[in-house]
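Since this is a predicted model, take the numbers as computed values, not measurements. In what follows, chains carry the letters A, B, and so on, assigned in the order in which the sequence lines appear, proteins first and then strands, with residues in each chain numbered from 1.
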Amino acid sequence: MALPHATTTPPGAREPTAQPPPGAAGRTRRKVGVHAPWWFVVPAIAVYVFIVVVPSANGALFSFTDWNGLRPDWSLVGLDNYAAVFADRTARDALANTLILAAAATVTQNVVGLLLALGVNSMVKSRYLLRVIFFAPVVLTPLVAGYVWSFLLSPNGAVNDALRAVGLDSLAHDWLGDPDTALYAIVAEIVWQFAGYSMVIYLAGLQAIPREVLEAATIDGAGAWSKFRRVVLPLLNGAVVINVMLCLIGGLKQFDQVMAMTGGGPGTATETISTAIYKSAFSLGDFPFSIALAVVMTVVIAVLAAVQFRLTQRKTS
Amino acid sequence: MHARYTWRTLTREATLILLALLFLVPLAGLLNVSLKPQDSQTGTLAFAWPPTLDNYAQAWDQARLGAALANSFAITTVSVVLIIAFAAMAAYPLARVTRGWSRHTFSFVIGGLLVPGQLALLPLYATMRDLGLLGSLWSVILINVGQQIPFSVFLYTMFLRELPLDYEEAALLDGCGPVRSFVTVVFPLLRPVTGTVVILNTVGIWNEFFTPLLYLGGSDNTTAPVAIYGFVSQYVSQWPLIFAGLVISVIPILVVYFALQKHIIKGFAGGLKG
């Protein structure tokens, strides 16, 4: 059976072929009596409102109260919870750590992912097998990956063994036990696990670049580097935007690997907003503090998303 | 530009293969250590010989992985089926109806992509507790469905907007009602995006740690990652035993990956490019 064109293409996979202009045939024919019942949205909206909308709105509201989660009664306390959050050293450390971790992971993962994509997009014979290998860690349970790495990074683990084997004994140390390196060790784990994810998105972007464009650049005498800088990279803009957004939001919510590798320690060296929210609520029972911290996290994500959106809008227009 | 296989390509290939081996070291180390006797003092990468399966039998029993894997399986299956049903249904009017309410509803749902789950965490926890759902698989299933609705609805709607109306119109002319035409005509046409939705959600939900830790931790209904978390803190630094448990817990998802890798890689890229 011949399927219509769109069904063989993943959504958003931009074909170089021309799309029909908006408002042409499609618009007028849309009125020809295809009835999509409005109540089809009800189940999805009901669960979404129950699980996401109402509790999120309540979270924002309760951050201005002394609600402790147990009693139904509460009273307004204004900005007290926020004052407590910003006065708390652990919370401030968590905020700083989260921003550093998200930024470091986003930059490194995108550079590595792009290099891998360029590598496996070339004519190397093993490219299909390589894609499978580089992507494999993506499907691994993050918690499990965290445990494996905490073992590799332990004082007598493989990383230190390898350093000693090549004579770099001075670098060998307890990566996760040292407050100066623990956060970056976690970043390294995240990059190992998710570089393959960035790779496939960049790969999809690379494969959407029409071959004629590259050939034209070659004919014009462009070398490999200038071809990459002036032709490939601008055309990958869409993939960059999505990759940066995904890495950034993923990094800002980081929880699993930290719990597996350090539990937030040593001290507060790897505490993230997510682990701090979890601990203040479920270990310390401080619901008001925890909920205010969650609002701070939401604001941070929203601001960074808006900034990124503005920057990329300017770039594309 | 089908260049010949040059020295440059060879160098590139060698570099990539070396890098791939480096990528595989953690996975190989995981498997290797799990096969060592528990009192083994050899280094991380010293080959486990003779290999022993004792750790696997012991981890299976002590981490109660059988029950945990069954729960993971149940949660993942039911969640993914509900996500597909609800998201595909919702996307149909959202993509086809051009009036105002549809646009507003779409924005309302997509807005959920920007709200981190942590904001809803405590009120939702209190609600689930009041409903008596703590420790029940249904709490985790409901949360998975609610949290995944925005992204899945987004994928389905974008896909449907590109899908021509011809088939639905033909069905309508043949006397098909809207519901029947959705079930028999539209939903089968959504197969490619359904594949993407299944892949993304299966991997995400199977590997999910935070929600089941919170809602199922301490109950008899744990999932594989939560069972592993408890197991590791109990047998801390008995690495061979722990690693056997880790291997068992990731076998299902890795089997799925290697069996479907071609579609999975495509689905991830396609689903996220939109």
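Proximity to chain A involves both the backbone and the side chain of B:Tyr229, based on heavy atoms less than 4.5 angstrom apart. For A:Leu153, no part lies near chain B; criterion is any non-hydrogen pair under 4.5 Å. If you measure heavy-atom distances from B:Tyr257 to chain A, the contacts under 4.5 Å come from the side chain alone. For B:Val247, no part sits under 4.5 Å from any heavy atom of chain A, backbone or side chain. For a residue to count as touching a neighbouring chain, one of its non-hydrogen atoms must lie under 4.5 Å from one of that chain's; by this rule A:Tyr128 does not touch chain B. Neither the backbone nor the side chain of A:Ala145 comes within contact range of chain B; no heavy atoms are under 4.5 Å apart.
No other option in B:Leu114, B:Val145, B:Val232, B:Ile242 has as many heavy-atom pairs under 4.5 Å with chain A as B:Val232. Of all the listed residues (B:Leu19, B:Leu254, B:Leu94), the one sharing the greatest number of non-hydrogen pairs under 4.5 Å with chain A is B:Leu19. Chain A forms more heavy-atom pairs under 4.5 Å with one residue of B:Ala91, B:Ala85, B:Pro178 than with any other, namely B:Pro178.
Taking B:Val185 as the reference, B:Tyr167, B:Ala171, B:Leu189 meet the side chain to side chain contact (heavy atoms under 4.5 Å, CB included) condition, with sequence neighbours excluded. For B:Tyr156, there are no ring-ring contact (aromatic ring centres under 6.0 Å, His included) partners, not counting sequence neighbours.
Screening A:Phe282, A:Phe62, A:Phe287, A:Tyr278 for a ring-ring contact (aromatic ring centres under 6.0 Å, His included) with B:Tyr125, the sole residue that qualifies is A:Phe282.
The side-chain heavy atoms of B:Ile228 and A:Tyr147, taken from C-beta on, include a pair separated by under 4.5 Å.
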